[in-house]
Amino acid sequence: MHLYAHISSLISDFFSDELKLEIESSKFQFTPTKKEFDGDYTLVVFPLVRHMKKKPEECGEIIGQYLLERSDYVEAFNVVKGFLNLSLSTTFWRESLELVSDPEKLTYPDTNKGKLVLEYSSPNTNKPLHLGHIRNILIGWSMYRILQRVGYEVIKTQIVNDRGVAICKSMLAWKKFAGGETPESSGKKGDHLIGEYYVTFDKALKEEYEQWQTGAEAEKIFREKNDGKIDRNAFFKKWKNEYFNEKSQLGAEVRQMLRDWEDGDPNVIALWEKMNAWVYAGFDETYAGLGVDFDKTYFESDTYKLGKDIVEEGLQKGIFYKMEDGSIWVDLSDSGMDQKLLLRSDGTSVYITQDLGTARIRYEDYKMGSMVYVVGNEQDYHFQVLFEVLKLLGEPYADGLLHLSYGMVDLPTGKMKSREGTVVDADDLMAEVVEIAAANVEDRGAMDELSEEERREAIRRIGMGALKFQLLKVNPKKRMVFNPEESVDLQGHTGPYIQNAYVRILSVLRKAGDFDQDHLSTQDYFRISGDERELIQMLLSYREVIERAAGEFDPAHLAGFSYQLARAYHRFYHDHQIIRAESEAARNFRLKLSVAVAAALEDSLSLLGIAMPVRM
RNA sequence: GGCCCCGUAGCUCAGCUGGAUAGAGCAACUGACUUCUAAUCAGUAGGUCGGAGGUUCGAAUCCUCCCGGGGUCACCA
C-alpha cells in the first residue's frame, strides 16, 4: 500500500541519515489505529528500539517528529508506550479517495502466474450432492475467482467417480426393483432417483444379512471367529464387510456386475451409460443453481487405465515393487509414511491408481505448473501419499501440488449420517433459502418497481447470498457447524446484510440524480469524519485482503472484509447525510466514497461467487 | 496405539507471520423510522482465550507436557 511504502521509505531515510543504519522495511509494522486512541495509522516502535538505544517512548517521539517534518501526509502524532500514532492530513484522505475510486485499482494488472488446474468437485454418481459438497464447491469456486484475480490462468475441473462398486449397487437395485422407473416417468431428478436405489440396495442387503444371521452357517462363524469379547450383534456389525464379500448373494451379483462392466459387457455398459446420464443431468441442475461451471470434466472410467500404466512404468523404473501375489506397492517410509498399495493382486486399480492417471492426463491436456485439489480433510493422508508418489515419478508439476483441505460440515445435532437420514440435500437446501428470502421480500415492498422476472432474480440472489456467505465466512480448514435455520438469516453477519449496504448505495445514487463521478470536486471538504476515514482505510486495504486470501487459500478473508466494509458503511449512512450534505464539497466527497464502497462490496462478494440484487 | 487437525462469550465464528484494555453476529434486555431503503443504527449484559509450565520488554498467537473432541492408518472410495 502506498502509504506504508511512503512512510517506510522515510523511516529508512531516518535510520541511514541519522544513525547510519540500513534497516529492512519489514521491520516497520503498521496497523490502523485502534478506536480508543487518537490517530489513523500506528507504527509499532518496539522492534526499532534496539537499534536506537533509547526508551520506546523516546524513539516514538523522534521518529514522529521526523515524519511530521518530512511528510505532507503526517499532520500530527502522539506516542503511547511503544506505539506511534500518526494522524494524516486531508490531502492524504482526498488523494486516497481518488486512488480507491479508480476501478482499475480494484483489479490486478496483467501479472501472469501461469496455468493452474483446480479440481473442486469430485462427486460419486450413486447419490445426489449434499451440504458437504456445497461447501467443497463454493470454496473451490471462490478460489477460482481469487486465484484468477491475482494472475493465474485457472482451469476449472471436476473428477467424476463414475465407476466401481457403488454405482453397481444402484444399477443392480434399479434392475431388480425399479420396474423401469425413469426420471421422466416419475418426475424425479436423475441423481435423486439413483440415490434412492442406492438406499434400496442397502436395505435389501441388510435384510438379506439379517436373514442369514439366523442360519446355521452364521452360528458356526460366530462361534469360530468371535474372540468372546463382544456380543453377537456387535460381532455381526463388524463382520458386515466380510459377509458382503464372501457370503452375500447380492454382493456376488454386484461383483459380477463390476466384472461384466470391466469386460465391457454391452448390456451392463448400456445400463451404466443410461443411469449415469440421468445423474449428470441432475448434477448440472445443481451446479447451475450454485452458479458454477467447469472447463473440463474428467471421468474415472477414462483415467483409471492410464493409472495402471503409470504404476507399471514406476515398477520398471524400480520406484515401486511387486509382492509375490502380484500386487504392486510403493515404500514411502523415507518420507515418514507407510507402504502403500497401488495395484491389487488381481491387477485392478485402487483409488490412488486412478488419481495418478488423472493427474497425468491433466498435464497432457494443459501443461499446468500447479494443481490444486479441493477435497475434504478426511483425505489428508491420501493426498500426502499421492503427491509423494507423483514426486517419485518425477512428474513436471510435482512441486506445484496442493491439497486445499477443508473441514467437515456438522449439523447442530451432530454429524450428517446417511444411514440416519440426516444428510442435508443440496437441492432442498437451495430451494429453502430462496423460499425464505421470497417470504421476507413480500413483507417489505421494496421491489414493487421491478418486473416479475427481475424480482425473482433478486430474490434468488438474496437467498443464495445468505447460503453462500454462511458457508464461506468460516476458514475452510476448520470443521464447521451449519445451522440450517441460521443459513436463512438475513440480518447481522450475513450475505444479505452486505447486499443491503450495496442496495442502499444504489438507492442513494438513483436519488442523487446525474453526476459525473470523475469530476466531483472535493477540494473544499476539510472536515473529513472518522467514519469516512475508516471507509477509505478499508478500501485502501482491499488488495492486501485479496492477496492474503489467495496466499492462504482462504476466501473467509474476503467474507470478513466485505462484512466489515458493509458495517462501516451502514454506520456512516446512518450518521451522515449524503444527498443533503452540509456543503457541495461534502456531498461530492460522500457520493464519490459511496460509489467506491459499492464497487468494493460488489467486487469482494463476486470473488465469493455471490451476486448483488438491485433492490431488496 | 502411531500420525494429522481442532479447543476463544450460552451458541456460531473472527483475531494466530508475537504488540495497546481479546472482537463480531445470533440469542436476552433498552432505545432510534413524517428525513437518502429500519434486511439498518446506538446501547446494556456476557471471557480462568481447554489446563499447566516455558521463551519474551510483551503470548489467544511460538515451544513442551497434559486433558477433551474429530479424522486417518483397507487388495473401500
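To find a chain, count down the sequence lines: A is the first, B the second, and so on, and within it residues start at 1.
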Nucleotide pairing, RNA chain B (Watson-Crick or G-U, distances under 3.5 Å), in dot-bracket with [ ] and |: (((((((..((((.....[...)))).(((((.......))))).....(((((..]....))))))))))))....

Assess the side chains of A:His493 and A:Arg567: does a donor N or O sit below 3.5 Å from an acceptor N or O?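 A:His493 vs A:Arg567: no donor-acceptor pair found between side chains.
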
If only side-chain N and O atoms count, and only distance matters, is there a donor-acceptor pair under 3.5 Å linking A:Gln470 with A:Ser487?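 On atom types as modelled, these side chains do not qualify, holding no pair under 3.5 Å.
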
Which residues share a side chain to side chain donor-acceptor pair (under 3.5 Å) with A:Arg255, sequence neighbours left out: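 Listed in chain order: nothing, the list is empty.
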
Side chain to side chain donor-acceptor pair (under 3.5 Å) partners of A:Ser122, counting only residues at least two apart: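 Expected list: none.
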
Between the protein and nucleotides 2-7 of chain B, which nitrogen or oxygen pairs come in under 3.5 angstrom?
{"unit_1": "B:G7", "atom_1": "OP1", "unit_2": "A:Lys478", "atom_2": "NZ", "d": "3.2"}

Under 3.5 Å donor-acceptor pair, A:Asn85 side-chain atoms to B:A20 base atoms: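 Such a pair exists between side chain and base.
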
Under 4.0 Å, counting only non-hydrogen atoms across every strand here, what does [X] touch: a base, just sugar-phosphate, or nothing?
| X | result |
| --- | --- |
| A:Val441 | base |
| A:Met408 | nothing |
| A:Asn475 | sugar-phosphate |

Those residues of residues 587-595 of chain A lying under 4.0 Å from RNA chain B by at least one heavy atom: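 Result for residues 587-595 of chain A: none.
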
Which residues pass the side-chain contact (heavy atoms from CB on, under 4.5 Å) test with A:Val80, sequence neighbours left out?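 A:Val80 satisfies side-chain contact (heavy atoms from CB on, under 4.5 Å) with A:Phe37, A:Asn78, A:Asn85 only.
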
Got a sec, which residues hit side-chain contact (heavy atoms from CB on, under 4.5 Å) with A:Val279, two or more places apart in sequence or on another chain?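 Counting only residues at least two positions away or on another chain, A:Val279 forms a side-chain contact (heavy atoms from CB on, under 4.5 Å) with A:Thr125, A:Asp191, A:Ile194, A:Phe283.
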
Quick one: which protein N/O atoms are closer than 3.5 Å to N/O atoms of nucleotides 23-26 of chain B? Pair and distance per line, please.
{"unit_1": "B:A24", "atom_1": "O2'", "unit_2": "A:Tyr563", "atom_2": "OH", "d": "3.0"}
{"unit_1": "B:G25", "atom_1": "O2'", "unit_2": "A:His493", "atom_2": "N", "d": "3.2"}

Going from CD on A:Glu534 to OG1 on A:Thr33, what distance comes out if it is rounded to the nearest 0.5 angstrom?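 It is 11.5 Å, given to the nearest 0.5 Å.
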
A:Lys415 vs B:G71: side-chain N/O to OP1/OP2 distance below 4.0 Å: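 For B:G71, OP1/OP2 do have a side-chain N/O of A:Lys415 under 4.0 Å.
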
Rounded off to whole Å, could you give me the CG-to-C1' distance for the A:Leu490 and B:A38 pair?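 Rounding to the nearest Å, CG of A:Leu490 and C1' of B:A38 are 14 Å apart.
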
For residues 336-349 of chain A, pull every pair meeting side chain to side chain donor-acceptor pair (under 3.5 Å), keeping only residues two or more places apart or in separate chains.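 Pairs touching residues 336-349 of chain A that pass the test: A:Tyr321-A:Gln339, A:Asp331-A:Gln339, A:Asp338-A:Tyr381, A:Arg344-A:Thr348, A:Asp346-A:Thr348.
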
Salt-bridge present (A:Glu262, A:Arg259; N to O < 4.0 Å):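 No, no charged N to carboxylate O under 4.0 Å.
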
Ring-base stacking, A:Phe83 with B:G19 (5.5 Å, 30° cut-offs):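 Stack criterion not met.
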
Going by centres under 5.5 angstrom and planes under 30 degrees, do the aromatic ring of A:Phe37 and the base ring of B:A20 stack?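 A:Phe37 ring centre within cut-off of B:A20 base, planes near parallel; stacks.
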
Holding to ring-ring contact (aromatic ring centres under 6.0 Å, His included), I want the full list of residues that pass it with A:Phe299, two or more places apart in sequence or in another chain.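 Applying ring-ring contact (aromatic ring centres under 6.0 Å, His included) to A:Phe299 gives A:Tyr280.
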
What protein N or O atoms touch nucleotides 35-37 of chain B N or O atoms at under 3.5 angstrom, if any, and at what distances?
{"unit_1": "B:U35", "atom_1": "O2'", "unit_2": "A:Arg580", "atom_2": "NH2", "d": "2.9"}
{"unit_1": "B:C36", "atom_1": "O3'", "unit_2": "A:Lys511", "atom_2": "NZ", "d": "3.3"}
{"unit_1": "B:C36", "atom_1": "O2", "unit_2": "A:Ile579", "atom_2": "N", "d": "3.1"}
{"unit_1": "B:C36", "atom_1": "N3", "unit_2": "A:Ile578", "atom_2": "N", "d": "3.1"}
{"unit_1": "B:C36", "atom_1": "N4", "unit_2": "A:Tyr573", "atom_2": "O", "d": "2.7"}
{"unit_1": "B:C36", "atom_1": "N4", "unit_2": "A:His576", "atom_2": "O", "d": "2.2"}
{"unit_1": "B:U37", "atom_1": "OP1", "unit_2": "A:Ser507", "atom_2": "OG", "d": "2.1"}
{"unit_1": "B:U37", "atom_1": "OP2", "unit_2": "A:Ser507", "atom_2": "OG", "d": "3.0"}
{"unit_1": "B:U37", "atom_1": "OP2", "unit_2": "A:Lys511", "atom_2": "NZ", "d": "2.5"}
{"unit_1": "B:U37", "atom_1": "O2'", "unit_2": "A:Arg504", "atom_2": "NE", "d": "2.8"}
{"unit_1": "B:U37", "atom_1": "O2", "unit_2": "A:Arg444", "atom_2": "NH2", "d": "3.1"}
{"unit_1": "B:U37", "atom_1": "O2", "unit_2": "A:Met616", "atom_2": "O", "d": "3.4"}
{"unit_1": "B:U37", "atom_1": "N3", "unit_2": "A:Met616", "atom_2": "O", "d": "3.0"}
{"unit_1": "B:U37", "atom_1": "O4", "unit_2": "A:Met616", "atom_2": "N", "d": "3.4"}

Enumerate the salt bridge (charged side-chain N to carboxylate O under 4.0 Å, His left out) contacts for residues 128-137 of chain A, please, sequence neighbours excluded, ordered by first and then second residue.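 Qualifying pairs, neighbours excluded: none.
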
